[in-house]
*Asks:* 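Would you mind keeping the following structure in view while I ask a few things?
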Protein chains: 2
Amino acid sequence: MPARTGRPPKISKTDILTAAHRVIDEEGTQALTMRRLAREVGTTPMALYHHVRDKDELLLLLLDEYAAGVPRPEPPAGAGPGERVVAAAVAMREALTRVPWIVEVLRADDLMSARALWYPEEIIDAAVQAGLTPEDAVDAYRIIWHYTAGEISARSAAARRREDDRPTHRGRVFEDLDATRLPRLAALGPRWEELTSRDTYDKGIRALVRGLLPRP
Amino acid sequence: MPARTGRPPKISKTDILTAAHRVIDEEGTQALTMRRLAREVGTTPMALYHHVRDKDELLLLLLDEYAAGVPRPEPPAGAGPGERVVAAAVAMREALTRVPWIVEVLRADDLMSARALWYPEEIIDAAVQAGLTPEDAVDAYRIIWHYTAGEISARSAAARRREDDRPTHRGRVFEDLDATRLPRLAALGPRWEELTSRDTYDKGIRALVRGLLPRP
DNA sequence: GTGACTTTTTATACATGTATAGAAAGTAAC
DNA sequence: GTTACTTTCTATACATGTATAAAAAGTCAC
């Protein structure tokens, strides 16, 4: 154990993560600011930046810790490759949906944390079992990931919109549609809010699997 | 023409949008701050907030203006419904990719601006032509939209990562993969960067169309 | 004109992420 | 011990979006 040189650290990455968890658990995501976190661990805000690169990385580390706590379920027994992909994607989306700050992480990085990597592993493996080349299997995974990330983002934006009662641009747009140029939308207009509040993730994933994997 | 009451406005929404365009054209998106914009139109920052709700709405209005300038292409002659959907989705993604601030807009709202609505119109119409019910056609559009938004976000995040030469969390994660638990990823590891830099949007859209529309 | 009312603009303030510069606190060589 | 070097921490500062309160500038009824 070689003695380390330099000023001995007062705080560790673990301290930071623990404190961050505490703050989020007790007061929610929006209470997690760098200043607040610094106070919580007993330092100055900028000291945190020696342990994490920026706030986005902090969130990614939190996500990783969270992922470590999610058990890796066994793929359903006797399931075909297609069903394995669907099951993994659905589990991935569900796990991510539970993370309140997930949107920030999605914006920052397109890949999951180390301990969440079994999702891509499972999806890619199942795709290869179904007959895809490894390259095609990676493509399939990325396509599924893009779809999943987009769906999560959109859902979160919709939820924010619902909380916020200020009148939205969106509403105005849909009120006066040109029925000549946009007949379908005009016809659907009144039902738009209802139609677009349905959960279509599964439907999309199944369509993707049908379209990506070779016909059995 | 009823005379308006209240203090007469010094600036209009049009002034703001014009100035915003000028700033973006001349100095790029990151130069567009509320303070800068206020200086440009000759007011105080907060005066802008009487004409736009917040910066996100401003960007949405800019997107709408931009969309007005993109001509609505005729669907390819003699194309089947599936090809029409693909063409519309590809055009939508391409148009949005050209808007540098698109990521902010995607985060704020899941729907496009008024003058960009022909994309969903075209997709929904083609889906109905293919035999879907209007409800299923809306679902199909939303699924395609989620996929598209996710892909654009991921691409933009990847581009930012490339510009930034600071070492990324992502890199470290992929260096030490547990080959026992994650054999596929470990095998692909060295090629991951290359494999995930490919453009798979078309492939995904075609898979979605295959999976969503009834077999012809 | 005067006072009530409305709309728009201004001034000020705050919270946030983080850049930058340098101080503090240790080890290692001599 | 003194000096050089390294790592971590602190202080200060800035740019940003936007909340809040009040001021300004008009119309209208009388």
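Order of the sequence lines fixes the chain letters, A, B, ..., with proteins taken first and strands second; residue numbering starts at 1 for each chain.
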*Asks:* Counting only side-chain heavy atoms from C-beta out, which of C/dT18, D/dT27, C/dT9 sits nearest to B/Thr5?
*Replies:*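 Selected nucleotide: D/dT27.
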*Asks:* Using 4.0 Å as the upper bound for N to carboxylate O, is an ion pair formed by A/Lys10 and A/Asp15?
*Replies:*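 No salt bridge links A/Asp15 with A/Lys10.
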*Asks:* Is it true that the side chains of B/Ser113 and B/Tyr66 contain a donor and an acceptor less than 3.5 Å apart?
*Replies:*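 Result is no, nothing qualifies.
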*Asks:* Expressed in angstrom and rounded to an integer, what is the separation of B/Arg35 atom CZ from C/dT9 atom P?
*Replies:*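 Value for this atom pair: 18 Å.
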*Asks:* Tell me the interatomic distance from A/Met34, atom CE, to D/dA15, atom P, rounded to whole angstroms.
*Replies:*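 Going from A/Met34 (CE) to D/dA15 (P), I get 21 Å.
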*Asks:* Could you check whether B/Glu27 pairs with B/Arg36 (Lys NZ or Arg NE/NH1/NH2 to Asp/Glu carboxylate O, under 4.0 Å)?
*Replies:*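 Here B/Glu27 pairs with B/Arg36 in a salt bridge, since their nearest N and O are under 4.0 Å apart.
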*Asks:* Quick one: do B/Asp139 and B/Glu135 satisfy side chain to side chain contact (heavy atoms under 4.5 Å, CB included)? Show the steps, please.
*Replies:* CA-CA 6 Å; B/Asp139 286 352; B/Glu135 289 79 10; 5.6 Å; no
*Asks:* Rounded to the nearest angstrom, tell me the gap between atom CD in B/Gln30 and atom P in D/dG17.
*Replies:*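 In whole Å, D/dG17 P and B/Gln30 CD are 12 Å from each other.
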*Asks:* Between C/dT18, D/dC9, C/dA13, which nucleotide gets closest to the side-chain atoms of A/His51?
*Replies:*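 So the nucleotide nearest the side chain must be D/dC9.
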*Asks:* Take atom CG of A/Leu37 and atom C1' of C/dT16, then tell me their distance rounded to the nearest Å.
*Replies:*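 Rounded to whole Å, this separation is 14 Å.
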*Asks:* In terms of side-chain geometry, is the basic nitrogen of B/Arg160 or B/Glu163 positioned less than 4.0 Å from the acidic oxygen of its partner?
*Replies:*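 Salt bridge: no.
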*Asks:* Test your reading of the model: is there a side-chain donor-acceptor pair from B/Arg142 to the backbone of A/Thr196, 3.5 Å cut-off?
*Replies:*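 Checked: pair present.
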*Asks:* Mind calculating the distance between CG (A/Leu59) and P (C/dT18) to the nearest angstrom?
*Replies:*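 Rounded to the whole Å, the gap is 10 Å.
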*Asks:* From the list D/dT8, C/dA11, D/dG17, which nucleotide is the closest neighbour of the side chain of B/Met46?
*Replies:*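 My answer, after comparing the listed nucleotides, is C/dA11.
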*Asks:* Reading DNA chain C from 5' onward, which residue's closest nucleotide shows up sooner: B/Ala47 or B/Gly6?
*Replies:*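 Its nearest nucleotide lies further toward 5', so the answer is B/Gly6.
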*Asks:* Pick out the pairs of N or O atoms, protein on one side and nucleotides 2-4 of chain C on the other, that lie under 3.5 Å.
*Replies:*
none

*Asks:* Taking A/Asp178 first and then B/Arg115, would you say they form a salt bridge - that is, a charged N and a carboxylate O separated by under 4.0 Å?
*Replies:*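 Here A/Asp178 does not pair with B/Arg115 in a salt bridge, since their nearest N and O are not under 4.0 Å apart.
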*Asks:* Please tell me which of the listed nucleotides, D/dC9, D/dG17, C/dG17, lies nearest to the side chain of A/Thr33?
*Replies:*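 Of the candidates, C/dG17 comes closest.
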*Asks:* Would you indicate what B/Thr44 reaches in the nucleic acid, counting non-hydrogen atoms under 4.0 angstrom: base, sugar-phosphate, or nothing?
*Replies:*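 Answer is base: heavy atoms of B/Thr44 come under 4.0 Å of a base.
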*Asks:* What's the closest nucleotide to the side chain of A/Arg7 if the choices are C/dA23, C/dA11, D/dT12?
*Replies:*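 Closest of the options to the side chain of A/Arg7: C/dA23.
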*Asks:* Side chain of B/Pro8: nearest nucleotide among D/dA13, D/dG17, D/dG26?
*Replies:*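 Within the option list, the nearest is D/dG26.
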*Asks:* When the distance from NZ of A/Lys10 to C1' of C/dA23 is rounded to whole Å, what number comes out?
*Replies:*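 Roughly 14 Å, once rounded to whole Å.
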*Asks:* For B/Asp56 and A/Pro9, take the nucleotide of DNA chain D holding the closest heavy atom to each; which residue's nucleotide lies nearer the 5' end?
*Replies:*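 Residue closer to the 5' terminus by nearest nucleotide: A/Pro9.
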*Asks:* Once you round it to whole Å, what is the distance between C1' of D/dT8 and NZ of A/Lys13?
*Replies:*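 The distance from NZ of A/Lys13 to C1' of D/dT8 comes to 15 Å, rounded to the nearest Å.
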*Asks:* Write down the distance between NE2 (B/His50) and C1' (D/dT20), rounded to a whole number of angstrom.
*Replies:*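 Computing the B/His50:NE2 to D/dT20:C1' distance gives 12 Å.
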